[in-house]
Amino acid sequence: MNISTQISRKFRFVSTCSMVMVVFIHAKFIMSRWDVCMKTDCMVGRISDIVQFSISEMLCRLAVPLFFLTSGFFMANRNDGSIQTYIYKIKGRARSILVPYLIFSIAWLAISMFANRIENVGIKDFLLYSFVSPIPFQFWFLQHLMALTLLSILLYQLLKHFRISVRLLLGFIYFLLDNDIRTGFGGSLFYYAMGMSLYMNPLTNKALRYKNLFIYTFVLLFIVCFWIRFLGIEIGHAIYGIANKIMIFCGVCWCVWWILLDKQLFNVPKGLTMGAGTSFLIFCLHEPLLSFLKNTYLHIFSTQHGILVGYFILPLVTIFLCLLVDYLIKKTNTTLYKVLTGNR
């Protein structure tokens, strides 16, 4: 499959939007539980709850599956399934994922120790915070990505010889067995394999007939979940989880159609895409910084009006600060920038 300039630019645009959505996921002041509704007579509080929930827990949840799908798609690029190609890919991912993962994990641990958030760190704790449970909890994404990279040669062969069976099995695991409301490893594996399969078996124009089905289903489920939340109707966590996964899957499928097949709806100008290194640096820096800003903000503005305003302002401030750091490092030390961003 040949990846055109426009398709590559669309992938970068989707990655840029997804990175902004990830920041908004972590910007919410509400609980992530779908079966816990806000009980308050304050209308501003209800509006604040439903706005944060609709954006962070429904719309922005498209971001992580799209990241995994993109990673799987480009893992299959120039991949013939051989051991030699696999080793080459592993070396590349070690440089682009593992090295920055360790650097930022250790750096955030040092910052936490300096700020007295963590004390008496021994060798066991150092290894724990550096490899297994880093301070920035969003690094679970990199852990999953490293595991999927190691599994990629097996996935490639399975998708090559048993494409339909593998898709059905992974779909069953993701939708029915993986109870994580967000993206557990079952979801990571499902969308990563979906990305690989899309490259190995390109979509044909027949797929165009399903584009409206996907977007209409996504919008319908979004509206239903919105009103259930707003009216305070408590439904089981598992039911919400399945509905959420179907909604996300339909949204991802529509994005895939736009990236790979659409030539009329919207072509992405070059200026609307963010560099891969910049997106990665925002990913690594945003969460602890955003948590600090949220905690500080709540000490000053604790009303429902203030929380709603802060929900929109703080992620934008966080992104701006990350972009500033990105610019300063890029201008002052190019070598360091390449190491921190995995040579992206």
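This one's a predicted model, so the numbers in the text were calculated from it and none came from an experiment.
- Under a 3.5 Å cut-off, the side chain of K294 and the backbone N or O of H26 do form a donor-acceptor pair.
- Contact of the S133 side chain with the L128 side chain is registered, since non-hydrogen atoms from C-beta on lie closer than 4.5 Å.
- Both tests pass for K245 against the ring of Y174: distance under 6.0 Å to the centre and angle within 45° of the axis.
- Under the 4.5 Å side-chain heavy-atom criterion for Ile, Leu, Val, Met, Phe, Trp and Tyr, V23 and L314 are members of the same hydrophobic cluster.
- Checking side-chain atoms of Q304 against main-chain N and O of S48 turns up no donor-acceptor pair under 3.5 Å.
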| request: Check the pair Y311, F24 against side-chain contact (heavy atoms from CB on, under 4.5 Å), reporting the backbone distance first and the verdict last. | output: CA-CA 8 Å; Y311 172 72; F24 270 91; 4.0 Å; yes
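- Taking CD1 from I248 and SG from C253, the interatomic distance works out to 12.0 Å, rounded to the nearest 0.5 Å.
- Ring planes of Y199 and F73: perpendicular class, angle over 60° (limits at 30 and 60°).
- Pairing each heavy atom of A147 with each of F185, the nearest pair is CB-CE1, 4.0 Å.
- The CG atom of N333 sits 12.0 Å away from atom CG of L328, with the distance rounded to the nearest 0.5 Å.
- Nearest heavy-atom pair across L213 and T217 is O-OG1, 2.7 Å.
- For H144 and Y192, the distance between ring centers is not under 6.0 angstrom.
- Hydrophobic clustering keeps L154 apart from L150 (ILVMFWY residues linked when any side-chain heavy atoms are closer than 4.5 Å, directly or through intermediates).
- At least one side-chain heavy atom of M146 sits less than 4.5 Å from a side-chain heavy atom of L98.
- No donor-acceptor pair under 3.5 Å is formed between the side chain of E57 and the backbone N or O of Q52.
- Seen from the ring of W254, K211 does not count as a face-on cation partner, given the 6.0 Å and 45° thresholds.
- In this structure the side chain of F11 reaches within 4.5 angstrom of the side chain of L260, judged on heavy atoms.
- Atom CZ of F137 has more than 12 neighbouring heavy atoms from other residues, nucleotides or ligands inside a 6.0 Å radius.
- Residues F222 and N244 fail the side-chain proximity criterion, which asks for heavy atoms closer than 4.5 Å.
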| request: Could you give me the CA-CA distance, side-chain angles and deciding distance for Y156 and S152, then say whether side-chain contact (heavy atoms from CB on, under 4.5 Å) is met? | output: CA-CA 6 Å; Y156 185 94; S152 62; over 6 Å; no
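- With values rounded to the nearest 0.5 angstrom, T318 atom OG1 is found 4.0 Å from L290 atom CG.
- Both V64 and V252 sit in one connected hydrophobic cluster of ILVMFWY residues. Membership requires side-chain heavy atoms under 4.5 Å apart, directly or through other members.
- Looking only at side-chain heavy atoms (C-beta outward), M19 and H286 come within less than 4.5 Å of each other.
- The local environment of CD1 in I300 is crowded, with over 12 non-hydrogen atoms from other residues, nucleotides or ligands closer than 6.0 Å.
- Here the two rings, on F131 and Y101, have centers that are 6.0 Å apart or farther.
- Of the possible donor and acceptor atoms, none in the side chain of K338 sits under 3.5 Å from a partner among the backbone N and O of R344.
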| Do E287 and F139 pass the side-chain contact (heavy atoms from CB on, under 4.5 Å) test, and can you show the C-alpha distance, the side-chain angles, and the key distance before you say yes or no? | CA-CA 10 Å; E287 202 290 318; F139 277 20; over 6 Å; no
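- Taking the side chain as every heavy atom from C-beta outward, V256 and F214 never approach each other to under 4.5 Å.
- Side-chain contact, R12 with S8: a donor N or O sits under 3.5 Å from an acceptor N or O.
- Aromatic ring pairs are classed by plane angle as parallel below 30°, tilted from 30° to 60° and perpendicular above 60°; the pair F141 and F68 is tilted.
- Within the 4.5 Å cutoff, no side-chain heavy atoms of F67 are placed close to those of L62.
- When the salt bridge (Lys or Arg N to Asp or Glu O under 4.0 Å) test is applied to K330, the partners found at least two apart in sequence or on another chain are D326.
- Rounded to the nearest 0.5 angstrom, I153 CD1 and I90 CD1 are separated by 8.5 Å.
- Heavy atoms only, all atoms of each residue included: L340 and P100 are closest at O-CB, 3.4 Å.
- Across every non-hydrogen atom of Q143 and P134, the tightest pair is NE2-CD, 3.8 Å.
- Once rounded to the nearest 0.5 Å, the distance linking OG of S188 with CG of L151 reads 11.5 Å.
- Atom OH of Y88 is surrounded by 12 or fewer heavy atoms from other residues, nucleotides or ligands within 6.0 Å.
- Taking 4.5 Å as the limit, some side-chain heavy atom of L298 sits within range of a side-chain heavy atom of I307.
- Of the possible polar contacts, one joining the S130 side chain to the F126 backbone as a donor-acceptor pair under 3.5 Å is found.
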| Run the side-chain contact (heavy atoms from CB on, under 4.5 Å) check on I319 and V20 step by step: do they pass? | CA-CA 8 Å; I319 292 173; V20 174; 4.2 Å; yes
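- No continuous path of ILVMFWY side-chain contacts below 4.5 Å connects Y86 to M75, so the two sit in separate hydrophobic clusters.
- The CG atom of L221 sits 12.0 Å away from atom CD1 of I242, with the distance rounded to the nearest 0.5 Å.
- Remark: the backbone N or O of I164 is not paired with any side-chain donor or acceptor of R167 at under 3.5 angstrom.
- At distances below 3.5 Å, at least one donor-acceptor pair connects side-chain atoms of N295 with backbone N or O atoms of S291.
- Contact record, L323 with I282: CD2-CD1, 3.9 Å, taken as the closest heavy-atom pair.
- By the 6.0 Å contact criterion, CZ on F292 is open, its count of non-hydrogen atoms from other residues, nucleotides or ligands being 12 or less.
- Considering all non-hydrogen atoms of both residues, L285 and W108 come closest at O-CZ2, 3.7 Å.
- The hydrophobic cluster containing Y191 does not contain L168, counting ILVMFWY residues as joined when their side-chain heavy atoms lie under 4.5 angstrom apart, directly or transitively.
- With ring centers used as reference points, F218 lies 6.0 Å or more from F249.
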